[in-house]
Amino acid sequence: MPHLLVTGGAGFIGSEIVRQALDAGWSVRVLDSLRADVHETAPELEPRAEFVLGDVRDEETVARALDGIDAVCHQAGKVGLGVDFYDAPDYVSSNELGTAVLLAGMTRAGIDRFVVASSMVVYGEGDYRNAAGEAVRPPARAVADLEAGRFEPLDPATGDPLLPGLITEDAPLDPRNVYASSKLGQEYLATSWARSAGGRAIGLRYHNVYGPGMPQNTPYAGVASLFRSALARGEAPRVFEDGAQRRDFVHVSDVAAANLAAIDATAVPESASTFRAFNVGSGVVHTIGDMAAAIARASNGAEPVVTGEFRLGDVRHITASSERIARELGWRAAVDFDAGMAEFATAPLRSAAS
């Protein structure tokens, strides 16, 4: 069993990875800075894991955390769309610089197994086809169209709406906000490290992760948490655009299991000097409106309100094909959407970050 370092192991996804790894008999160390915009109060730490307090951007802290480690599962970073472009330096520093420092430390320590949390946002918009079935990459949606309530991406050649499908890992990468750019930067760093250091790296492109322990009432949280927080305040969830945005909602326990499968896969010597990306999604399409309605129904809360509002950094449709990870790593999501949302509707969330 590997001696595993989980960066960001006190966070939403990281803590579930830590729990599952310990349950599987692995030895686990956590490196987490417990940054204030993620944790309002100190989280309850897993007592079975060793804990190192510190920032992944600090070389001395990283060196200490890597001592005796066989494999690294990198979950630390800044997530979400953020507030405005003033967040850009923190995204780049937290995600890209942090990853660079970590990989440099791994090289010095002779550690050659790496799994990094990536995201669906590296694709930009999802997979689209025109009426003839040909693949089309739509341009960014125009402000004038969004203001007029025209949300569907259009075929640049004909002006007709495009048909969304499931995106595969071979699709073009087209990050459309700072967070997306920083996640793709992490993948490129992992690729460069694997080639130069002979390492084995896997990037897991998470789709919309939800589940118990999500942070609440923060612009960096996922939309599921924002809906839950509204219902807890006795308010109706506010659904942007027309609510028909297609997404793939995947439970945090399934995401953690995907990480364990990926860590196991890095033990294969034949995968040296390689980086491999995998979508991590349920494989089942639902809309954001579906999700808001499911949470409201399960919590006996107010019906969602469709506002027509929009955020420029948002994409319209992005849903995953998770066939590659099923075929190559033997992982498939196990939590059903209805059951997962019913659980999530009343599950405890993390204290709001101040």
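Bear in mind that the values here come from a model prediction, so they are computed numbers and not experimental data.
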So that I can tick it off, tell me whether [Y] and [X] are bridged by a salt bridge, with the cut-off set at under 4.0 angstrom between side-chain N and carboxylate O.
X: Arg324; Y: Asp170; answer: yes
X: Lys183; Y: Glu96; answer: no
X: Asp127; Y: Arg137; answer: no
X: Glu303; Y: Arg297; answer: no
X: Glu169; Y: Arg276; answer: no
X: Arg316; Y: Glu152; answer: yes

(request) Please answer: with hydrophobic residues joined when any side-chain heavy atoms are less than 4.5 Å apart, are Leu102 and Ile111 in the same cluster? (result) yes

(message) Does atom CD (Glu59) have a neighbourhood of more than 12 heavy atoms from anything else shown, all under 6.0 Å?
(response) no

If you measure only the distance, is there a donor-acceptor pair under 3.5 Å linking the side chains of [X] and [Y]?
X: Arg57; Y: Ser93; answer: yes
X: Ser322; Y: Asn279; answer: no
X: Thr7; Y: Gln75; answer: no

(request) Would you verify whether the NZ or CZ of Arg228 falls within 45 degrees of the ring axis of Phe344 while also being under 6.0 Å from that six-membered ring's centre? (result) yes

